[in-house]
Amino acid sequence: MSDIVLEIRDIEKYYHQFKALDGVSLCLEAGEIRVLIGPNGAGKTTLFSVISGENLANEGAVVYRGRDITRQVSWKRVQMGIGRCFQVARVFPDMSVEESLYVALQAYAGWQKKVRVPRDFFRPPRYVLEKTGAILDEIGLTDKRNIYVKTLSHGDKKRLELAMALAQEPDLLLLDEPTAGMSPEETRDTVNLIKRLHSNRRFTVFLTEHDMDVVFSLADNISVLYYGRLVASGKPEEIRKDPAVQEVYLGKEGDFDAFS
Amino acid sequence: MFRQLITKNFILLRLATAAIIIVLALSLPLWANPGITFRASLVLIYILFAASFNQLFNYTGLISFGQAAYFATGAYVAALYVKSGASLSGGIILAVIAGGLVAAFLGYISLRASGIYFAILTLALGQIVYQVIFKWPATGGENGLADIPRGTINLGLAQISLASPVSYYYLILICVSLGLFILWAVTHSNFGRILMSIKQNHVRASFLGINVRLYQLISFAIAGSIAGLAGAVYGPLTGVLMPEMATWIYSTTPILLTLMGGANFFWGPATGAVIFGIFEYLTRAMTGMSSLIMGLLLLTVVLAFPGGILGLVTSWLIGKPSIKKSSRNEGSAAASKLMPGGDVINE
Amino acid sequence: METLFLPLVNGLTWAMMVFLVASGLSLVFGVLKILNFAHGGFFMLGVYLTYTFIRNHALSPLKFFLIVFLCGIILAIIGAILERLIIRRFYQLDEAYMLIATYALLLVIEGSVEGIWGLQFLALPSPKGLGGGTEIFNTIIPSYSLVIIAAGVAVAVLLNLLINRSPAGKIIRAAAGDPDMTSALGINVPIIYTMIFAFGIFLAAIGGGIGAPNQAITPTMASSFIIQAFGVVVVGGLGNIGGAFLAAIILGLVDSFGTIYLPQIPGIAFYAAMALILLVKPHGLFESSISTK
Amino acid sequence: MLSVENLEAYYGTNYIVQQISLHIPEGKGVALLGRNGAGKTTTLKAIMGMGPKIKGAVNFKGRDITNCKTYQKARMGLGFVPEDRRIYQELSVTDNLAVGRYATAGRTEPFAMEYVLETFPLLMKLRNRKGGQLSGGEQQMLTVARTFMGRPELVLMDEPAEGLAPLIVKELAMVIRGFCQKWNMAILLAEQNLWFSRYCTEYVYLIDGGKIVFKGSWDDFDDQEDIKRKYLSV
Amino acid sequence: MKRGFSRLLAALTISLLVMVLVAGCGGQKKESAPSEGKKAEGKEPIKFGVIVPLSGSQAILGEEMERGAKIAVKQVNDAGGIMGRPVELVIRDTKANPDTGVAVARELLSQGINMYFGVASSAVALAVSPLMEKEKGVIITTAAHSDRLTHQNFNKHYFRITDNPYMRERAMAKLMAERYPNTTKWGCIIPDHEYGRSTWDNFEAGLKKYYPEIAKKELEIVSVQRAPYGATDYKNFITAVLNSKAKGVFTSEYGGDAVTMFRQAVPYAFFDKIDVMVDSANEFLVPKAMGNMTPPHWIGTHWYYEAYKDSPMAKKVYDEYVKEYKDKYPTGWVGEAHSALMAYKAAIEKAKATDTDAVIKALEGLTFDSVSGKRTIRAEDHQTIKDVNIIHVVPVKEEPGWKVDEFKVYKGDDLIEPPSPGKPLKLE
């Protein structure tokens with residue numbers, strides 16, 4: 001079972017009396033792209049928060065590479081290799097693109113002990129400078145490196161957030177609706193970017209998505225969450241045909257003439 | 001035309017301003033009378049005190065309402081040390097350490113909360129420091145400490161007496177410059193950049209693997225030790241210390257100096273302290289009206305130029321609005337997002 | 001019996017005194033999300049204004065409370081004007097600006113009180129029949145302490161009814177939780193803000209008026225009350241009036257029993273209890289009950 | 001009923017809506033299509049006066065309401081259903097609905113609570129539940145019902161179908177259409193879901209990059225395959 | 001509209017600044033009291049620095065001192081000044097804050113002013129006194145009561161014109177033993193402060209001396225209540241004193257705290273249940289605040305004008321005060337500030353010089369006329385030997401609701417402690 005990256009068992013999460021997650025269990029295998037689908041408010045973001053440590057589960061366990069991290073604080077989980085991007089990009093509005101990456105890489109360099117204090121006090125260490133260029137190239141933001149983040153377009157902000165997450169060399173990347181709010185071209189680019197990063201870096205990707213085109217073009221496996229419960233998990237074709245999923249989420253084919 | 005000229009030579013202008021200020025600061029005791037020198041010494045101390053607050057406020061995104069407690073801690077530690085017959089330089093070092101330690105301890109507690117709760121927690125803990133100073137016989141209790149000597153500074157070859165206001169002014173100038181340099185270095189370093197990132201979005205920062213609480217705590221401790229440094233040179237200047245200097249009322253001083261000068265600028269607190277010092281000097285004869293005048297001044301400044309004096313000057317010089325709407329992260333500025341007409345783009 | 005009962009009543013009196021100030025503070029925070037330093041100033045203005053009308057006459061309780069109410073109304077109008085002219089401008093800026101602006105307002109109020117009423121200390125007679133003591137359990141309790149306790153409880157109950165039971169309460173909670181959406185539903189939110197601010201001032205002012213016969217009237221009384229009220233509001237949970245009520249009682253009793261059983265360290269019990277509670281529950285005992293966000 | 005002329009809306013220096021004109025006839029439905037970021041939400045907010053600074057003219061029932069406050073517009077009969085379902089989490093379902101009543105102030109009588117609850121049977125059973133305890137779909141129903149309580153003459157709806165399970169989308173569409181036809185309400189519906197839009201409205205505006213790139217009836221729209229492909233990736 | 005308001009504010013700020021600047025510069029001339037003395041004109045004036053608290057909780061003391069000083073200057077100038085030179089005051093606000101106190105003193109010192117009086121708080125006095133020593137100035141304080149000023153922290157540049165707690169409390173204890181020989185159970189409510197404790201220790205020492213001596217009775221201390229400084233609730237302390245069955249109660253709570261304490265004692269019928277209440281130092285502050293609620297009690301005061309009806313100087317000061325400030329009850333601080341200037345006048349005329357050393361020398365051992373008769377400044381520790389005045393107020397029907405029905409004057413010589421500058425005060 002060494003190829004299980006993440007295992008979550010019987011997670012329950014309450015907000016006051018409201019049960020956001022109700023006994024969710026699932027396993028992620030190393031290197032797969034798993035897509036989590038479900039209606040808004042189904043608990044997708046809550047599940048991500050529980051995995052990444054932003055919120056703690058009320059019941060159940062989160063096991064990452066054999067280590068129980070249910071109660072671990074989020075920054076330690078990041079250091080263990082769990083990266084996360086948000087539905088609405090969380091970035092540093094008053095910094096430039098380049099500076100944002102400096103921060104991200106500096107943090108990584110810090111816990112990887114790649115900083116030498118007196119020399120690297122004011123200027124970013126050489127590692128950071130080199131890596132910044134590499135990541136900007138990889139993600140395609142090189143021409144915007146000196147632009148203030150708050151003036152970036154929505155799509156670019158999400159890409160920058162992804163770049164910052166990449167700086168941490170994640171082993172498992174959680175992406176919350178990576179294409180939300182993007183134009184078709186941007187969506188296409190993002191899908192390609194995720195595919196490219198995945199094949200280069202061989203990490204595990206766990207993402208939520210509404211756009212079914214994106215879902216079916218990316219997913220190795222799909223899980224369906226419906227109001228706190230995991231209804232189904234499996235290969236895309238299985239999910240498409242699953243009667244339970246059709247009933248609660250996808251609908252039967254031909255139910256609607258247009259679905260966008 | 002004029003603006004263009006200034007924009008073009010902005011760096012030159014800054015250098016010139018810096019040169020003038022340095023010359024003024026260095027030469028002040030030579031032309032000013034001892035009264036003004038004393039007030040200038042106080043202003044210098046307040047510059048450092050306020051800058052220590054802004055290290056938290058603008059560069060870390062924390063509002064501390066207990067800064068006076070660390071200032072007082074430093075002041076008392078240095079004063080007690082000097083009163084025991086030891087040299088002031090040792091007292092200053094001890095004060096820096098003590099200010100930092102107390103701040104680290106209280107910061108550790110306060111950082112459990114965030115936003116306005118953090119501010120109020122620092123206030124409450126600061127009041128406890130005040131109560132301790134007030135009740136503890138070793139600190140002179142409610143009577144405070146009097147007759148705090150200045151002593152001498154040993155420079156190896158020569159002993160320099162600090163008794164005269166002029167030599168003590170230079171000692172303060174050195175300490176304050178040193179303190180400001182430390183703050184400047186911290187805020188402009190890689191470490192400072194991480195603090196800035198925490199201020200702008202602490203959730204993202206922690207999802208970059210940054211131990212947000214630890215960084216905030218270190219920043220809090222640094223601000224505390226710098227406040228302690230400012231306090232250390234304060235006691236021997238006035239010769240007395242009162243426990244009241246640890247109360248929340250005194251903690252408002254650095255806040256108002258900072259906001260008056262311009263919180264978004266490193267030199268904002270300094271500007272605020274200088275302007276305020278001049279203002280206080282000019283109104284010294286208007287006895288009995290200080291709170292009314294202070295309140296009106298403060299109110300007009302925050303209402304008419306919320307970017308502070310430096311914000312006003314920059315927008316006038318380079319024609320750019322300088323008032324940044326707070327880019328503080330969601331945690332503490334939840335309120336501003338909820339208000340009608342907030343510039344929050346939801347698209 | 002007596003050794004427990006007396007500090008209990010005294011603690012409760014103190015608690016309700018502070019709660020009268022804290023209730024408005026908490027309400028204003030719950031709706032407008034601002035922590036108002038000037039609140040203590042309006043408390044003091046309430047005291048002085050009431051004094052101006054009553055001076056040294058012992059009035060009948062009815063007249064007395066009518067005057068207190070009237071002073072509350074007058075100051076509420078002033079509060080509404082201030083909200084329109086000044087406070088409104090800070091809603092979108094950082095909290096620190098609001099804190100400093102209201103602190104500046106407090107200084108202005110203190111200065112004005114010195115200018116208008118002078119530095120002289122003053123004292124207000126209790127209403128007729130309430131100036132003496134009442135015997136309960138063989139213990140003499142100042143009658144006016146009971147009035148203050150009753151006033152505190154009444155304000156707590158009425159505010160609770162207003163916020164949680166009345167139609168107006170629904171609108172207030174709606175406006176507090178989501179002002180944008182609420183105005184899109186046809187509700188004039190800025191007016192609600194003004195009214196809530198004014199109502200907060202009204203509470204502060206009648207708190208001052210009711211408390212006046214219990215206290216010396218001095219131009220510096222504002223800051224001593226505001227800090228205690230801040231403590232109570234924060235311990236109770238910002239924006240939670242019930243929480244403030246409970247916190248006032250807890251801190252009041254701690255303070256009262258502290259002075260009796262820990263006379264060596266008077267005054268520290270309040271802050272220590274406050275810090276202790278916040279240490280365990282950094283965001284106060286309860287969540288905001290007003291804001292529905 | 002509503003006419004918008006040369007509307008520009010911007011946040012700071014960020015022009016999001018550029019010179020658009022819209023006309024909504026009385027009692028009819030108009031869909032405002034466009035992908036994310038095209039300017040749909042900003043257009044609705046600009047009409048409602050909720051946030052962006054605006055230039056241009058907005059007329060409602062023959063009156064210039066460009067500079068009216070949001071609540072005044074609501075009281076004139078403009079209803080708004082936000083995209084992020086901003087229900088009051090701590091208020092019960094009926095209390096949420098009760099707040100919606102005030103939009104009728106001085107204009108007409110609000111609907112009876114019971115009537116609206118009957119129209120939204122899903123809410124009937126949940127009437128005493130707190131808003132925060134509802135599921136996403138139920139919350140969306142409540143948002144729509146709350147706006148209907150104020151008896152608007154024109155409802156601006158911002159992506160009501162987004163993120164809902166397809167089954168709920170269907171139910172919502174039927175309720176909205178039925179209600180609007182019965183009470184002669186006009187709709188301006190910003191959507192990405194073509195099925196939903198088509199079901200509830202008669203006319204289409206297509207917006208992209210803050211500009212109107214197409215307007216016409218649904219039949220006209222269906223003829224324009226290239227436009228659909230270009231702007232909606234259908 | 002928003003823009004307009006901001007502009008209006010900017011304009012307001014600028015005009016405020018201009019106003020302040022003008023007042024600040026113009027104030028230099030205005031601030032000194034008008035020198036009306038015709039005969040003294042033309043000569044260079046003698047300037048005195050008056051540093052008093054004019055804002056904050058002690059402002060009320062500072063205001064009275066300022067009034068006393070102004071009256072004194074007017075009288076001196078009308079009478080031809082000091083050695084033919086007119087007198088001028090430069091008044092500064094200490095804000096009851098040591099660093100502001102030092103700042104204003106430094107400022108005036110650097111303008112060449114070497115003679116000062118005023119100061120209410122001991123903290124400010126403790127800060128300013130060493131400064132005077134260092135910068136060759138001299139200061140006479142008109143209220144600071146800490147023993148340390150004339151004992152362990154003594155220096156030659158500091159003088160105290162007022163009676164000290166040792167004398168005052170002893171006099172009051174003596175009065176109690178004489179008047180209330182049967183009141184043998186005593187208690188107190190004092191602020192938990194060095195000042196509070198020292199007043200009580202002195203009073204207690206006095207009681208223990210005079211009750212066996214005069215009343216021939218054994219004394220019992222039944223309750224000592226120490227309240228935190230600035231408390232808003234005294235009911236627990238009040239009931240504790242009542243429960244202890246104390247018949248005589250002493251308090252040195254001061255200012256607003258005292259008024260709160262008295263006010264909160266009323267509902268308990270506190271003053272009916274005890275024989276006597278003694279307030280150590282609040283002058284008329286409590287009666288003026290309480291009006292017709294004033295309980296009968298004894299008050300220690302620096303100067304009670306009625307006691308010196310026969311002294312033309314006292315009468316003149318009183319009349320001037322009533323005329324100028326429309327108030328019939330000047331507090332002792334008026335008299336102390338006046339006396340401070342009288343001491344300077346006498347010293348300068350004796351020394352025929354105004355330089356610091358000469359003035360200090362002349363002040364030491366100086367006997368001079370004041371509003372409360374002859375005072376002598378002790379050479380050893382610069383403490384003034386003067387009368388202690390104690391007054392008794394009772395409530396009355398007519399305005400202002402209270403009156404002084406009785407007063408008592410004790411000579412200072414019999415009461416004062418032996419001088420021990422440089423050493424802490426010891427109570428026997």
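Heavy-atom basis, side chains included; hydrogens, waters and symmetry copies ignored. A note on names: the letters A, B, ... follow the listed sequences, proteins ahead of strands, and every chain is numbered from 1.
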Partners of A:Phe48 by ring-ring contact (aromatic ring centres under 6.0 Å, His included), sequence neighbours excluded?
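A:Phe48 satisfies ring-ring contact (aromatic ring centres under 6.0 Å, His included) with A:Phe206 only.
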
Taking only residues two or more places apart in sequence, or in another chain, which ones meet B:Tyr215 in a ring-ring contact (aromatic ring centres under 6.0 Å, His included)?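 B:Tyr215 satisfies ring-ring contact (aromatic ring centres under 6.0 Å, His included) with B:Phe191 once adjacent residues are dropped.
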
Whatever's closer than 4.5 Å to a heavy atom in chain B on A:Val91 counts as backbone

Chain B interface, residue from [options] that has the most non-hydrogen pairs under 4.5 Å:
options	answer
A:Met164, A:Met95, A:Met80	A:Met95
A:Ile82, A:Leu105, A:Val103, A:Val78	A:Val78
A:Gln79, A:Lys76, A:Gln168	A:Gln168

Counting heavy-atom pairs under 4.5 angstrom with chain A, the leader among B:Ala185, B:Ala205, B:Gly209 is B:Gly209

Open item on the list: Quick one about B:Ser197 and B:Arg204 (side-chain donor to acceptor, distance below 3.5 Å, no hydrogens or angles considered), yes or no?
Closed with: no

Strictly by modelled atom types, are B:Ser52 and B:Gln67 linked by a side-chain donor-acceptor pair under 3.5 Å?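 A donor-acceptor contact under 3.5 Å links the two side chains.
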
Show, in sequence, the C-alpha distance, side-chain angles and deciding distance for A:Tyr102 and A:Phe92, and conclude whether the ring pair (Phe, Tyr, Trp, His ring centres under 6.0 Å) test is met. CA-CA 12 Å; A:Tyr102 284 170; A:Phe92 307 130; over 10 Å; no

